[in-house]
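As a basis for the values below, the full set of heavy atoms in this structure was taken, side chains included, without hydrogen atoms, waters or symmetry mates. For the single chain, residues carry numbers from 1 onward in sequence order.
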Amino acid sequence: MTNTFTELLRTFRRGMGLIGFLSIMLVITLAAVYWAPAPIAERLIRDDIHAQAELWKKQVILQMDDAENSFTTSSVTAHDQRFLRLLVEATDVYRFHLFDSSGKIFWSTDGAQIGTMAESDYFHQLVAKGLVYYKTEDKPAWEVTAAQHIKVQQQAATDDSYGHDHTHDQGHSHENLTSVSQSYLTGDAADAMRQVAEIYVPFMHNGHFDGAIEFYTDITETRANILNRVRLLLAGIAGAVVMTMITAGMLLHRNNARHVTQLNRRNDKERDIIDQQLRLAREVQLLGELNEWLQSSHSLEELFEMVARFMTHILPNAEGSVYVYSNSRDVLDGSAKWNGGTVKPHIHPEECWGLRRGRTYEYGASEVDFVCDHAEPHDGRPYYCFPILAHGETVGLMHLRAAAGHEANFRQNKKLARMCAEQISMAIANVRMRDQLQDQSVRDPLTGLFNRRHMTETLRKAIGNSQSTGAPLSLIAVDVDHFKKFNDNHGHDAGDMILRAVGSALEKACDGDQIACRPGGEEFTLILPGVYDADALIKAEALRQAVEAISLRYGDKTLPTVTISLGVSHYPQHGSMPQDLMRSADEALYEAKAHGRNQVQQAMGAAPQPRDASVANTSTDASAPAIEDTPIDVKNWDQDRASDRTDPDAKKGDDKPSPPAVAAQ
């Protein structure tokens, strides 16, 4: 109803606008018909008088015996006067004057004007230079009529007495003009005015100005006739134009009404297209931002938090959830939800028709549909199940369901939802690949423990944390006893089995932020942040016992008992740098080796001692008497130690013995 009223109002406004325009054009036309003819008539009359003046001038020159001499001497013969007066009778001129070069009238049809001088500036500035000067002037009707009456009388007198003195005639003319003028002054037409055209035509001879002729002619009737004709012509043209405009306006109005209807429909379509393009632009922008944020996520938890926030804006009319395959790939774990969607902790792949069929499943698009088990309880609203694929592998599932009240336009979001699923799948694959590469870069491939690089970085961070918070920190160095003999007697595969078993025992012994590392070979390290000195010794002893209790079978035989030697150092008693703590733990480990292996030794003193056996024998440390009580064969000990310390890369081949002195590596 509102749209119809608005359209009627627009049509009424257009009609009123057309009527107003036609009214204005009619007023302009009437004004043009009334005022425009005057300048047109003036121009036509002026051009006509100019042409006639040239003819009148030629007649004057031709009728005079010697025109050049007459203008030069300012004299007119009787013969010339007779023919000059005939010119007045034969033309529309009712008066004319002959001027010499100085501007003096030496002959005129009005005798009273003979001898007067032309005082106007235009005579000397224009006419004297050979230019024609034209002007119009309103004069009393009696003057024009009297002049015409007098010229008739003069003509009759000329016919009766040819050749008498022209001065007497001129005086007589003046008297007659005066008497006629008096009769006109007392008549009813005394106040009537006539429009008279005055034109000065120069007389040039051999490029020299000899004089001029001024003609007076009554243009009242001529002007009125021309005005009437021009007005009639303009009125006809204006009428035709107005009728044409009215007809064209009606046709245009009809066509415009049809075009307006078509334009409105087209505008509605274009508006819908523009709205759709704006919506697509916004969606593309959000997808770009989503991709950028997903690529910068460091973990799957952070990634799913970003997904939930972005999907709220990208698909505001849909409830959603994301499931990701666990490492075992037998179940999918619920990872994210948005817009009030529900997510279960775990679902099985066979619970989703999309995963079972390997493609997008759309509920509500077919006449017969089946509800996925993970979508129960279901209220009949349409939904999508998008398998999340990355590098040809299914990594998860995105479930979308129409929000309440938005079922009608839910299917319009299918393409956008599929694009979101693709973005999420690539992001999940990238995060997992990054985690795998990160794990491979810091993990030992044989035991799964952290490698030496990660151990050094973690120890440095732990020392920094202890420095800022005052928390205790301990370090345990572990070495497998007689590992070289295991490799020689039972083979490298058995040695690998021992290393994996010891690594597993160390990993089980770690709690919280504690980590187990394998720097290389048969050496292991435990970093124990937040563990006091006594607790570290207790943990070291428990670890020794746990390893000693390990029973391994290789093939059809049981391997000998595995023992380890352990050295413990503490921060800050044994150093404030990673290399100091590791050197102190190694020193304590050497002490355990020197005292018979399969035991725990704590680093002694405030500073690490060198690992040189000769220096150790002469040490004044408090532990020296204990070592001296048990004599050590340095040569045998050196060879035995070399058999225990093997390079991790060469433990299965040539073992290179290393001397006990490794004071500053």
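When all heavy atoms of Val331 and Pro349 are compared, the closest pair comes out as CA-CD, 4.4 Å. Shortest non-hydrogen contact noted between Ala417 and Leu400 is CB-CD1, 3.2 Å. Shown here for Trp338 and Ser321, the closest heavy-atom pair between the two residues is CH2-N, 3.8 Å. Nearest heavy atom pair, residue Cys385 against residue His374, reads SG-NE2, 3.5 Å. When all heavy atoms of Gly130 and Met204 are compared, the closest pair comes out as CA-SD, 4.0 Å. Summarising the geometry of Val431 relative to Ser299, their closest heavy-atom pair is CG1-C, 3.9 Å, with the distance given to 0.1 Å.
In this structure, Arg329 and Glu393 have side chains that are in contact, with non-hydrogen atoms separated by less than 4.5 Å. In this structure, the side chains of Asp210 and Phe203 come closer than 4.5 Å at one or more pairs of heavy atoms. When side chains are defined from C-beta on, Asp92 counts as touching Gln52, because their heavy atoms get closer than 4.5 Å. Side chains of Leu332 and His346 form no contact here, defined as non-hydrogen atoms less than 4.5 Å apart. Within the 4.5 Å cutoff, no side-chain heavy atoms of Glu301 are placed close to those of Ser335. In this structure, Tyr134 and Ile45 have side chains that are in contact, with non-hydrogen atoms separated by less than 4.5 Å. For the pair Val442 and Arg453, the minimum side-chain heavy-atom distance is below 4.5 Å. Looking only at side-chain heavy atoms (C-beta outward), Pro387 and Arg359 stay at 4.5 Å or farther from each other.
Remark: side-chain polar atoms of Lys57 are not paired, donor with acceptor, to backbone N or O of Ala212 under 3.5 angstrom. Not a single donor-acceptor pair under 3.5 Å links the side chain of Asn465 to the backbone N or O of Lys461. No donor-acceptor pair closer than 3.5 Å links the side chain of Asn206 to the backbone N or O of His208. In terms of modelled atom types and a separation under 3.5 Å, the side chain of Tyr361 and the main chain of Phe370 share a donor-acceptor contact. In this structure, the side chain of Asn339 engages the main chain of Leu315 through a donor-acceptor pair within 3.5 Å. A donor-acceptor contact shorter than 3.5 Å links the side chain of Ser425 to the backbone of Leu389. Side chain of Thr220 to backbone of Gln195: a donor-acceptor contact under 3.5 angstrom is found.
Atom CD1 of Ile388 sits about 11.5 Å away from atom OH of Tyr323, to the nearest 0.5 Å. Summarising the geometry, atom CD1 belonging to Ile40 is positioned 11.5 Å from atom CD belonging to Glu42; distances are rounded to the nearest 0.5 Å. Taking OG of Ser326 as the reference point, atom CG of Asp333 lies at 5.0 Å (rounded to 0.5 Å). Atom-to-atom distance recorded for Trp56:CH2 and Thr91:OG1 is 6.0 Å, nearest 0.5 angstrom. Interatomic distance, Leu449 CG to Met455 CE, rounded to the nearest 0.5 Å: 12.0 Å. In this structure, the separation between NE2 on His378 and CG on Asp369 is 8.5 Å, given to the nearest 0.5 Å.
Atom CZ of Arg434 has more than 12 neighbouring heavy atoms from other residues, nucleotides or ligands inside a 6.0 Å radius. Open room surrounds CD on Glu305; 12 or fewer heavy atoms of other groups in view lie less than 6.0 Å from it. Counting non-hydrogen atoms of neighbouring residues, nucleotides and ligands closer than 6.0 angstrom, the CZ atom of Arg46 reaches no more than 12 such neighbours. At most 12 non-hydrogen atoms from other residues, nucleotides or ligands lie less than 6.0 angstrom from CD of Glu119. Enclosure of atom CG in Asp48 by more than 12 non-hydrogen atoms of other residues, nucleotides or ligands within 6.0 angstrom is indicated. Within 6.0 Å of atom CZ in Arg258, more than 12 heavy atoms from other residues, nucleotides or ligands are found, so the atom counts as buried in its surroundings. Counting non-hydrogen atoms of other residues, nucleotides and ligands closer than 6.0 Å to CZ of Arg418 gives a total above 12.
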Start with the C-alpha gap between Glu198 and Lys139, add the side-chain angles, then the distance that decides, and say whether salt bridge (Lys or Arg N to Asp or Glu O under 4.0 Å) holds.
CA-CA 11 Å; Glu198 300 179 25; Lys139 293 183 178 296; 3.7 Å; yes
Test Tyr384 against Phe410 for ring-ring contact (aromatic ring centres under 6.0 Å, His included), laying out the working first.
CA-CA 10 Å; Tyr384 291 112; Phe410 174 70; 5.0 Å; yes
Under the ring-ring contact (aromatic ring centres under 6.0 Å, His included) rule, what do Phe215 and His97 come out as? Steps first, then yes or no, please.
CA-CA 7 Å; Phe215 297 101; His97 307 306; 9.9 Å; no
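Glu350 meets the salt bridge (charged side-chain N to carboxylate O under 4.0 Å, His left out) test with no other residue; sequence neighbours excluded.
Cation-pi contact between Arg443 and Phe450: present, with separation from the ring centre below 6.0 Å and deviation from the ring axis of at most 45°. Under a cutoff of 6.0 Å and an axis angle of 45°, Arg357 and Trp353 do not form a cation-pi pair.
Salt-bridge formation is not detected for the pair Glu351/Arg356: no Lys NZ or Arg NE/NH1/NH2 atom is positioned less than 4.0 Å from an Asp or Glu carboxylate oxygen. Using a cutoff of 4.0 Å between basic side-chain nitrogens and carboxylate oxygens, Asp275 and Arg271 are not scored as salt-bridged. In this structure, Glu221 does not pair ionically with Arg223, as no charged nitrogen and carboxylate oxygen lie closer than 4.0 Å. A salt bridge does not link Arg95 with Glu214: every distance from a Lys NZ or Arg NE/NH1/NH2 to an Asp or Glu carboxylate oxygen is 4.0 Å or more. At a threshold of 4.0 Å, the pair Lys344-Glu376 does not count as salt-bridged, since none of the basic side-chain nitrogens sits closer than that to a carboxylate oxygen.
Inspection of the Asp110 and Ser108 side chains reveals no N or O donor paired with an N or O acceptor under 3.5 Å.
Annotation: Tyr200 is in aromatic contact with Tyr122 [ring centroid separation under 6.0 Å]. The six-membered or imidazole ring of Phe99 lies near that of Phe123, with a centre-to-centre distance under 6.0 Å. Under the 6.0 Å cut-off for aromatic ring centres, His399 and Phe386 do not qualify, their centroids lying 6.0 Å or more apart.
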